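Step one of this worksheet: look at the structure below.
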Amino acid sequence: MGERLRAVLPSVFSVFLALAVCWVFIALTRDAETATGAYLQMLRGGLGDWAQYFESERLTVLTRPLGEAAIKAALLLLTGLSVTVAFKVGLFNIGAQGQMLVGALAAAVAGAQLQLPAVLHIPVAILAACVTGGLWALIAAGLKLARGVHEVISTIMLNWVAVSLVDNWLSVGPLRAGAGTHLSITGTAEIATSAQLPRLLGEMSRLHLGFPLALAVALAIWVWLSRLRSGFETRAVGLGSEAARAAGIPVVRRTAQAMGLAGALAGMAGAVLVLGTEYRYPGGLGAPYGFDGIAISLIGGNHPLGVALSALFFGALRAGGTRMQLLGVHKSYPELIQGLALLFVAGRLVWLALLRPRKVAPVVPTRQPETSPEVPRA
Amino acid sequence: MISLRHIHKRFGAVTALDDVSLDIGTGEVIALVGENGAGKSTLMNVLYGLYQADSGEVLVKGQPVRLRSPRDAIAQGIGMVHQHFMLVPTLTVAENVVLGREPSRWGRMDMDRACQEVAATCERFGFKLDPRARVDTLSVGSQQKVEIVKALHRGAQVLILDEPTAVLTPQESDDLFRVARGLAAGGRTVVFISHKLREVLSVAERVAVMRRGRLVAEVRAANTRPEELAALMVGESRVPLAEAQTYHPPGGEKLLEAKELRARGEDGRPALQGISLEVHAGEIVGIAGVDGNGQRELAEVLTGLRTLEGGGGNLLGGPLTGLTPAEARRRGVGHVPEDRLWRAVVKAMTVEENVALGRQTQAPFARGLQVDFAGRRERTAALLKAYEVRPPDPEVPLQALSGGNQQKVVVARELDAGPKLLVVVQPTRGLDIGAVAQVQAKLREARDKGAGVLLVSLDLEEVLALADRIYVFFEGRVTGTFTRPEFDEREIGRRMLGTHGEEVAHG
Ligand SMILES: Nc1ncnc2c1ncn2[C@@H]1O[C@H](COP(=O)(O)OP(=O)(O)OP(=O)(O)O)[C@@H](O)[C@H]1O
Ligand SMILES: [Mg+2]
């Protein structure tokens, strides 16, 4: 237990440190009162305005903000899991953004072009997004396995290809709503009502099916990695691919599967975005949830349940961020907090060194980061 | 010159060092011996700054020093070569040696100067190494030389060698000892850890004996016999005796029939140049040879890890050509590879997960598509007990075990799978004498139960002790075959060096 706690501490500390640093920053540029006020607003925006609820008994002052937080968390969770799954097989997936983009477009097309009852339409549209995102990621996996191209390079480049393809061409060109007419709409046609993810609380919140779906997926990934044979094999490949090969584990297949799954998860995030809130592929998908996924995954310790916690936390923070504006504080602070937390987590070796009690050394010595040049052999 | 005073070190519940004090003088060769897990590596890692002692102090020239990292230790003139090398395999010898203190010109690394410097260091201490060779193309023995040169290049006055001879041929070991004595004569100090008591007594002046975290004795090598040392290590005078050898005529079917095998090594050079050999059920076949003469590649071909480029044959009822690691395991090939940390285990995984490796799809490690946690735990616990692995805890990460205990886990796992053909490379590498005897007994037991064993070892003594038949390898060819009891050690040695005159033996 102590071990596990020690694995979690760096992330928790990093987040608190990031919160503190940003508070100081606001306090310095404005004043301490504004900083505290802004944080309180962020809390209300992310977790609901409980004070007002007890006064007015209006449930919506809770459900609205919580719903927004959940929606953001769902997206962060799916992209975070995408990065995590790739990480488990030893690959660094910088490409969740591109995979999400192509997935979102696929969901938008399937949502708008097909006519199906909702029970079929939603799964089909999500599936389309997963397959597209998965295939997109498999390009990187294929390049890696066949030609040894480093996945960081290829996934970054594929992000740009996805932006060019989807944002700069398809969604404003051939797939634009009313293409061939003079209407100057950007983005694709609106999806059918049957493809919209149902709202769980009706008019009280925008909370939709995407949230429980993302949680269920996180749970499934956790079960897969920790309890199933194939998950074990995948982790073995990630932690020692030569030993895995010698043990008869199909290294190539496991790598391709994990990377395909990573792409599918990012693609699913795209589907949740389109089917849950946007209802079409807007001209230019601004939201960089794919990149956020990297931070969410690392802060979550690359563990599915940790990633879920980290996504919930930052989902709430991000949703609450908009309310900071009430005090004239810029709404991008939550992103800054997330970025700083990532930075501090990346320095986790430092944390581990500081945390190391004088008497008892950690049973797990510093786990070398993937990029460490000192790969001891023999 | 260096004193360790009252060093204590615990890892969780395990006490690795318990009040250890040791003086290390100038210009001496001192050996550190003890059973697997006694705390030898831990003690030296404290001296090298890799571990911090919980209490106790280190004095250099009478002054207490704080060794918080190897950097501090190197600054104090302490260098260490680890049990598991710490080289960057894709860099050259010169690059590895100068890593962290590269000579540079205009801000760029000056390769030529690096090579010159490294060549000069090699020259000075009498090592034959090509500074421009990539480390992953070198034999294990040469990689170790790179490590030693690296330490000396950084000005080590005290050189710690953690089981340096575990991977060396007798010839290479002798070279190493010459180097060690030379260094000591030149005023440097060599501390070396070994399980081979005979060589310990021949090279060291003083021997420190550790047992379960304590320093139990210090003796002068000159008036100590190996048996006495062994008794001090295990704490009782029960020392395993070598079993008397008898020839086991191949009793059973042909498990392996290899014809004219050809394959390339890691560096692209032809490593197997037409090897033919057979292994029958119920025999131990030893491969004798100097490191780098094709033994490693043979083991890789037989386990599906290396592609065959020519020749072929039959392995456990299937063709050798196109063999994959999974297929080899399915047919019943067990493998104890030479390079433990790289190929045999995943060090960041737990001991039980490592025991499951290779059989992760079978009972008792899996049930359907699921991992069978209970079955895995039970089997692992039983194996750890049977092989006296310490600590016998299935849940710790493998890297928390001492080197010898890691090796025991690998051997236990492979034997437990009940292989029909066992391909073992240096199976007793890093094991203490008790464990060596135990593993050798297990190999004999497997043979007696009808398995075939192909034993590759650089330790000719081990091959002579275990094998029923011996193939001698030289430059990728079989230069001689011998059958017990006609083991002619001198003739085998000549054939290992390819200096057996005109007549060519046929395998
Ligand atoms: N990083 C670690 N975490 C937990 N326990 C450890 C760690 N390193 C060593 N130990 C434990 O400390 C004890 C001493 O280990 P050490 O490696 O010093 O043994 P050793 O004498 O070098 O043995 P060997 O001959 O097998 O190499 C062992 O019980 C080992 O399991
Ligand atoms: Mg050791």
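Lettering follows sequence order; numbering is per chain, from 1. Predicted, not measured: the structure shown is a model, and the values here were computed from it.
Remark: N354(B) CG to L239(A) CG distance equals 10.0 Å, nearest 0.5 Å. Atom CH2 of W224(A) and atom CD of Q370(B) lie 15.0 Å apart (nearest 0.5 Å).
Contact count against chain A (heavy-atom pairs under 4.5 Å) is highest for T361(B) among T303(B), T361(B), V14(B). Ranked by heavy-atom pairs under 4.5 Å with chain B, the list G240(A), G231(A), A246(A), S230(A) is led by A246(A). For chain B, the option among E233(A), R229(A), R235(A), R245(A) with the highest count of heavy-atom pairs below 4.5 Å is R229(A). Chain B forms the most heavy-atom pairs under 4.5 Å with one residue out of S226(A), A236(A), P250(A), A243(A), and that residue is A243(A).
Taking every heavy atom of both residues into account, G248(A) and A326(B) meet most closely at O-CB, 3.5 Å.
Heavy atoms from other residues, nucleotides or ligands lying under 6.0 Å from CD of E327(B) number more than 12. Within 6.0 Å of atom CZ in F373(B), more than 12 heavy atoms from other residues, nucleotides or ligands are found, so the atom counts as buried in its surroundings. Within 6.0 Å of CG in L369(B) there are 12 or fewer heavy atoms belonging to other residues, nucleotides or ligands.
In this structure, the portion of R329(B) lying under 4.5 Å from any heavy atom of chain A is its side chain and not its backbone. S241(A) does not touch chain B: none of its heavy atoms, backbone or side chain, sits under 4.5 Å away. For E338(B), no part lies near chain A; criterion is any non-hydrogen pair under 4.5 Å. In this structure, chain A has no heavy atom under 4.5 Å from any part of F365(B). Heavy atoms of R413(B) lying under 4.5 Å from chain A are absent altogether.
Between R227(A) and V371(B) there is no side-chain heavy-atom pair separated by less than 4.5 Å.
In summary, of the residues considered (V346(B), L305(B), D339(B)), a side chain to side chain contact (heavy atoms under 4.5 Å, CB included) with E242(A) occurs for L305(B) alone.
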